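In this text, all values refer to a predicted model and were calculated from it rather than measured experimentally.
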2 protein chains.
Amino acid sequence: MYKEPMGKYLSIAKRAHSMLLQKKLKQYNIGTGELYILIVLYKEDGICQQKICDHYRINKAAVGRAVHKLEKKHFITKKPDEKDRRKRILSLTEKARKMKPEFKNILRSAEKVLRKDLSDKEIETFLKVSKKISKNIHEVLDQN
Amino acid sequence: MYKEPMGKYLSIAKRAHSMLLQKKLKQYNIGTGELYILIVLYKEDGICQQKICDHYRINKAAVGRAVHKLEKKHFITKKPDEKDRRKRILSLTEKARKMKPEFKNILRSAEKVLRKDLSDKEIETFLKVSKKISKNIHEVLDQN
DNA sequence: ATTTTTTAGTTGACACCTCAACTATCATTG
DNA sequence: CAATGATAGTTGAGGTGTCAACTAAAAAAT
């Protein structure tokens, strides 16, 4: 049953992917963490940080810091939600909205690299398994 | 063609996996980076750092630092290779050898969590695709 | 045989993430 | 309505990784 560890190749692939994105993003003076946040906001502007945490299953501390960087670079603004003052509403600036096609394209072109010579079936299975893995793990982690 | 981004779920799964390992390793006062190095040495003791870099396609700086931690914790010793004095030969200590079953088991049990409810076919495809992704990316990264 | 290039490892700067502890606000409930 | 608990976000400490610049040694080239 134990051919090769999935964990190992998961790590290797993930690092490679980050390097690829990083390289493409270098000229824009923005990191992958920041890009991911912008991408969520391109889909749904005006959400709070917690929603981004949920979207990527990422820690709120990490999101908080990336958001802060984006703010400093004038890609987003942050203001308290009047209806629930614990929340901060994140909004894209004009600068960020203008960059949308470019940033989307970076992700698309990276995705194209990943998918080279892979069949739709393989990609579909990969997506399905990746999701299942995360679910399996969090079922263990979240119990207690 | 563009259903969902593989990169996204790759990241999510990878983070989950790291958290799982980290949790299991906590009681041993050792991190995932260090564990990975021990695992390679369990397969082949007495290799140099570069071999570990190749094995995981990981940066030599990262390996150097993890190795240093393992040395401080007396899991490995490091001495220059007499035949090629650029290299450092890494050797497991008695302490590390004694831990082998336990550390191997941690990886095995984590792997078991990942694989829950996945078929052999799915696992095989996942492994194949992960490798292909890395290869695809490095073909782009390594050209120039 | 000397110069040049490649390889192995180290170090500093920094990106990204987690965890735990903290504040502030909202929701529950006794 | 006051106490208790849950939720949103921040901060400090630390793990893991990249990149680039650096030594030192070996290999290749002129």
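In this structure, the CG atom of L25(A) is 13 Å from the P atom of dC19(D), given to the nearest Å. The separation between L21(A) atom CG and dG17(D) atom C1' is 15 Å, rounded to whole Å. Protein atom CG of D84(B) is 10 Å distant from nucleotide atom C1' of dA27(D), rounded to whole Å. For the pair K26(A) NZ and dT18(D) C1', the computed distance is 11 Å after rounding to whole Å. Between M19(A) atom CE and dT16(D) atom C1' there is a gap of 14 Å when expressed in whole angstrom units. What separates NE2 of H68(B) from C1' of dG17(D) is a distance of 18 Å, to the nearest Å. When the C1' atom of dC19(D) is taken as reference, atom CD of Q22(A) falls 10 Å away, rounded to whole Å. Remark: P of dG9(D) and CD of Q49(A) are 5 Å apart, rounded to the nearest angstrom.
Annotation: K73(B), atom NZ; neighbour count of heavy atoms from other residues, nucleotides and ligands within 6.0 Å is above 12.
Of the side-chain N and O atoms in K69(B), one or more sit less than 4.0 angstrom from OP1 or OP2 of dT16(D). Distances shorter than 4.0 Å separate none of the side-chain N or O atoms of R88(A) from OP1 or OP2 on dA8(D).
Within the nucleic acid shown, C48(B) comes within 4.0 Å of sugar-phosphate atoms alone, with no base atom in reach, counting heavy atoms only. When heavy atoms are screened at a 4.0 angstrom cut-off, K60(A) is found touching base atoms of the nucleic acid. Using a 4.0 Å heavy-atom cutoff across all strands shown, R15(B) reaches sugar-phosphate atoms only and no base atom. Backbone-only engagement by T32(B) is indicated by non-hydrogen atom pairs under 4.0 Å involving sugar-phosphate atoms exclusively. Within the 4.0 angstrom heavy-atom criterion, no nucleotide atom of any strand lies near A66(A). Contact annotation for K14(A): no contact, since no heavy-atom pair falls under 4.0 Å across all strands. Residue-level contact check: N59(B) touches the bases, meaning some heavy atom is under 4.0 Å from a base atom. Contacts of K51(B) with the nucleic acid, taken as non-hydrogen atoms under 4.0 Å apart, are absent.
Side-chain contact between V129(A) and V129(B) is absent, with no heavy-atom pair separated by less than 4.5 Å. The closest side-chain heavy-atom distance from K132(B) to E122(A) is not below 4.5 Å.
Here the shortest heavy-atom pairing between H55(B) and I12(A) reads O-CD1, 4.0 Å.
You'll find a donor-acceptor pair under 3.5 Å spanning the side chain of R65(A) and the base of dG12(D), going by distance alone.
Checked for salt-bridge contact, K83(B) and D81(B) miss the test: no charged N lies under 4.0 Å from a carboxylate O. Under the 4.0 Å criterion applied to side-chain N and carboxylate O atoms, E94(B) and R97(B) are assigned as salt-bridge partners. A salt bridge is defined here as a Lys NZ or Arg NE, NH1 or NH2 lying under 4.0 Å from an Asp or Glu carboxylate O, and E111(B) with R115(B) meets this definition.
The footprint of chain A on DNA chain C, defined by a heavy-atom cutoff below 4.0 Å, extends from dA15(C) to dC26(C).
Comparing R86(A) and I30(A) against DNA chain C, the residue whose closest nucleotide sits nearer the 5' end is I30(A). Position along DNA chain D of the nearest nucleotide to R57(B) versus I89(A) favours I89(A) as the more 5'-ward residue. Two residues, I58(A) and Q50(B), neighbour DNA chain C, and the one matched to the more 5' nucleotide by heavy-atom proximity is Q50(B).
Between F103(B) and Y28(B), the two ring planes are perpendicular [angle over 60°; tilted spans 30° to 60°].
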